[in-house]
Amino acid sequence: MTSSRPYLLRSLNEWILDNDCTPYIVVDAGVQGVQVPTEHVANGQIVLNVSPGAVRSLVIGNGALEFSARFGGVPMQVFIPLQAVMAIYAKENGEGMVFGSEPGSPDPEGGGDSENSAGQRTDERPSGRPTLKVVK
């Protein structure tokens, strides 16, 4: 299946705006392909206001989020691969969503399943198809 992240981002952005709030996104600026103003990056992250009053031509595509904005009066085209978006929330009340890694997506560190020197899996996740467990 395709990633759910672009659909969730578009929906949450619309929901935040419909409730007269200001959508902010948290971006991992260290992900390859991220183009943001580096002078505003702190601890490897940047928080961006993506409301219609703050940005122009916002497009949340299936692979990336992009828009143009001014930072310190200087215009810039911002490009963010969606795997770099860590969260979207309303500035006024903090309502929103934090994104984790999706099944099948590569680890941000480039890890993946790990094996010890004997070639045995050292992670706790089962391989193959997902399973459901009944919890009473």
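- Inter-residue side-chain proximity for Tyr89 and Thr22 is flagged as unmet; no heavy-atom pair is nearer than 4.5 Å.
- Note on Val34 and Tyr24: separate hydrophobic clusters, where clusters join Ile, Leu, Val, Met, Phe, Trp and Tyr whose side-chain heavy atoms are under 4.5 Å apart, directly or indirectly.
- Summarising the geometry, atom CD belonging to Glu95 is positioned 9.5 Å from atom CG belonging to Asn19; distances are rounded to the nearest 0.5 Å.
- Nearest heavy-atom pair, Gly61 versus Pro6, reported as atom, atom and distance to 0.1 Å: O-CB, 3.4 Å.
- Looking at heavy atoms from C-beta onward, Leu12 lies in side-chain contact with Trp15 at the 4.5 angstrom threshold.
- Two residues are said to be in side-chain contact when any heavy atoms from C-beta on lie closer than 4.5 Å; Glu66 and Gln77 meet this criterion.
- Remark: the backbone N or O of Met76 is not paired with any side-chain donor or acceptor of Arg70 at under 3.5 angstrom.
- Using a 4.5 Å heavy-atom threshold, the side chains of Ile80 and Ile25 count as touching.
- When the shell of 6.0 Å around CD of Gln32 is examined, it contains 12 or fewer heavy atoms from other residues, nucleotides or ligands.
- With hydrophobic clusters built from ILVMFWY side chains whose heavy atoms lie under 4.5 angstrom apart, Val27 shares a cluster with Phe99.
- Leu58 and Val36 fall within a single hydrophobic cluster, where Ile, Leu, Val, Met, Phe, Trp and Tyr side chains are chained together by heavy-atom contacts under 4.5 Å.
- Within the 4.5 Å cutoff, the side chain of Ile88 has heavy atoms near those of the Asn13 side chain.
- Note: the hydrophobic cluster containing Leu17 does not contain Val50 (ILVMFWY, side chain heavy atoms under 4.5 Å, direct or indirect links).
- Taking the side chain as every heavy atom from C-beta outward, His40 and Phe71 approach each other to under 4.5 Å.
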Task: CA sep, side-chain torsions, deciding dist, call: Leu65, Phe79, side chain to side chain contact (heavy atoms under 4.5 Å, CB included) - done: CA-CA 6 Å; Leu65 178 150; Phe79 182 86; over 6 Å; no

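- Other residues, nucleotides and ligands contribute only 12 or fewer heavy atoms inside 6.0 Å of the CD atom of Glu14.
- Taking each heavy atom of Leu8 and Met97 in turn, the nearest pair found is CD1-SD, 4.0 Å.
- Heavy atoms only, all atoms of each residue included: Cys21 and Pro23 are closest at O-CD, 3.6 Å.
- Tyr7 does not carry Arg5 over the face of its six-membered ring by the limits of under 6.0 Å from the centre and within 45° of the normal.
- In the hydrophobic cluster analysis, where Ile, Leu, Val, Met, Phe, Trp and Tyr join through side-chain heavy atoms closer than 4.5 angstrom, Val55 is grouped together with Val78.
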